[in-house]
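Throughout, protein chains are lettered first and strands after them, A, B, ... in sequence-line order, and every chain is numbered starting at 1.
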Number of protein chains: 2
Amino acid sequence: MTATAAQTRPRKRSGNGTARPADADEIGLDALVGHAGYAVRRFQIWIFQDFIRTLGDVDIRPTQYSVLTVIGANPGLSQMAVAKRLGIERARLVHLLDSLEQRKYVKRVKSRADRRSHALHLTSQGETALAKFKRLAAEHERHVEDRIGKENREQLLRILAGFT
Amino acid sequence: MTATAAQTRPRKRSGNGTARPADADEIGLDALVGHAGYAVRRFQIWIFQDFIRTLGDVDIRPTQYSVLTVIGANPGLSQMAVAKRLGIERARLVHLLDSLEQRKYVKRVKSRADRRSHALHLTSQGETALAKFKRLAAEHERHVEDRIGKENREQLLRILAGFT
DNA sequence: TATTGTTATACTCTATAACTATA
DNA sequence: TATAGTTATAGAGTATAACAATA
């Protein structure tokens with residue numbers, strides 16, 4: 001393995017319960033250093049927090065933004081189609097849409113082709129709002145760029161393009 | 001913005017509710033394509049699912065693994081120190097440790113230096129188990145490599161090194 | 001007064017199962 | 001029979017607040 005062997009031996013701290021306080025930044029991560037999942041998770045948490053903060057005034061979270069964006073770009077989609085495309089459980093999407101519909105951003109239109117399903121559309125209010133959300137999301141994206149660098153951000157998008 | 005303008009115009013599907021069924025793979029992501037957070041989130045879900053599956057037989061999840069690894073490498077740490085280092089809420093760590101203590105992987109030792117705090121240690125059973133978990137985690141890491149490529153994985157670790 | 005561990009609550013998210021109305 | 005949307009439940013995870021013991 002890559003970075004596992006580096007610091008596997010525990011740094012002497014104490015054998016019983018009489019250790020010194022433990023300075024937070026000198027604690028080794030050991031095998032975690034070599035795990036992509038660990039870094040990715042920490043980064044994902046940071047990035048979501050920044051997104052939520054940046055779109056705090058409009059009270060839109062990443063999942064809500066992704067749903068609005070996909071509906072905006074593909075009007076008439078069914079709930080199943082949106083759920084599948086974004087990897088959201090259809091049961092969960094129901095609640096997300098309930099909230100977005102209450103806020104008048106989205107409407108469910110009964111499909112006549114298949115009366116089981118709903119065709120999803122943005123309201124005109126939703127269109128206007130989404131345009132604003134996109135501007136704020138772009139601002140958030142600049143924070144990401146500031147944090148990891150322009151080149152690294154683009155590299156990251158290339159590496160992970162297969163997961164979208 | 002980078003990849004936002006590319007496909008902003010909705011692809012005609014239907015104005016009312018009479019659309020054709022919507023083929024899941026031809027649905028455009030629009031602005032999401034340019035968002036690092038979206039790709040990172042999808043990737044993080046994939047990677048956690050693979051981790052959980054690969055360590056399914058031993059029933060260890062990513063967070064549990066990270067806690068065991070840090071305690072193993074830094075015996076005697078307090079709960080606060082572990083929580084801070086891994087970015088876990090101290091309230092949540094209580095439950096994680098309850099479970100790991102029940103399974104005899106971890107023990108809380110009362111600290112005499114500061115009688116409010118517990119010094120955390122692996123049991124000998126915990127040490128043995130962790131060694132096995134690390135082998136399985138390394139196997140998981142190879143799945144990541146198979147999926148995105150050796151170079152890309154290393155590039156990713158470099159880019160995100162600042163978030164660990 | 002402040003901190004450590006704990007308990008409790010609320011909300012997000014994931015994973016299921018079951019129900020209804022349609023197909 | 002199967003599918004779309006819905007409802008419900010359980011567990012993980014995050015975010016808080018409050019409390020007891022201790023510093």
Rounded to the Å, how far apart are [X] [atom1] and [N] [atom2]?
{"X": "Leu120(A)", "N": "dG5(D)", "atom1": "CG", "atom2": "P", "answer": "7 Å"}
{"X": "His95(B)", "N": "dT6(C)", "atom1": "NE2", "atom2": "P", "answer": "10 Å"}
{"X": "His118(B)", "N": "dT3(C)", "atom1": "NE2", "atom2": "C1'", "answer": "14 Å"}
{"X": "Arg53(B)", "N": "dA15(C)", "atom1": "CZ", "atom2": "P", "answer": "11 Å"}
{"X": "Asp98(B)", "N": "dT6(C)", "atom1": "CG", "atom2": "P", "answer": "7 Å"}
{"X": "Gln64(B)", "N": "dG11(D)", "atom1": "CD", "atom2": "P", "answer": "14 Å"}

Legend entry - Under the side-chain hydrogen bond (donor to acceptor under 3.5 Å, both in side chains) test, residues paired with Arg61(A) that sit two or more places apart: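 Partners of Arg61(A) under the side-chain hydrogen bond (donor to acceptor under 3.5 Å, both in side chains) test: none.
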Inset, instruction - Name all residues meeting the salt bridge (Lys or Arg N to Asp or Glu O under 4.0 Å) criterion together with Arg108(A); count only those two or more places apart in sequence or in a different chain, and write none if there are none. - result: Asp98(A), Glu101(A)
Legend entry - Geometric class of the His140(B)/His143(B) ring pair [parallel <30°, tilted 30-60°, perpendicular >60°]: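 Perpendicular, since the angle between the ring planes exceeds 60°.
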Inset, instruction - Using a 4.0 Å cut-off on protein heavy atoms (strictly under), produce a 5'-to-3' string for nucleotides 12-19 of chain D with B for base contact, S for backbone-only sugar-phosphate contact, and - for none. - result: SSBSB-B-
Inset, instruction - Name all pairs fulfilling the salt bridge (charged side-chain N to carboxylate O under 4.0 Å, His left out) condition that reach into residues 116-128 of chain B, sequence neighbours left out, sorted by first residue then second. - result: Asp114(B)-Arg116(B)
Inset, instruction - Kindly state each residue pair satisfying ring-ring contact (aromatic ring centres under 6.0 Å, His included) with at least one member in residues 59-118 of chain A, sequence neighbours excluded. - result: Phe51(A)-Tyr65(A), Tyr65(A)-His35(B), Tyr105(A)-Phe133(A)
Taking only N/O atoms, report every protein-nucleotides 21-23 of chain D pair under 3.5 Å with atom names and distance.
from, atom 1, to, atom 2, distance (Å)
dA23(D), OP1, Arg115(B), N, 3.0

Inset, instruction - Could you tell me whether Asp30(B) and Lys134(A) make a salt bridge, using a distance below 4.0 angstrom between a side-chain N and a carboxylate O? - result: yes
Inset, instruction - Indicate yes or no: does Arg158(B) engage Glu154(B) in a salt bridge with an N to O separation below 4.0 Å. - result: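 No.
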Legend entry - Distance test, side-chain N/O of Gln79(A) to OP1/OP2 of dT6(D), below 4.0 Å: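 For Gln79(A), the contact criterion (side-chain N or O under 4.0 Å from OP1 or OP2 of dT6(D)) is met.
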Inset, instruction - Give, for atom CG of Leu136(B) and atom CD1 of Ile60(B), the distance between the pair rounded to the nearest 0.5 Å. - result: 10.0 Å
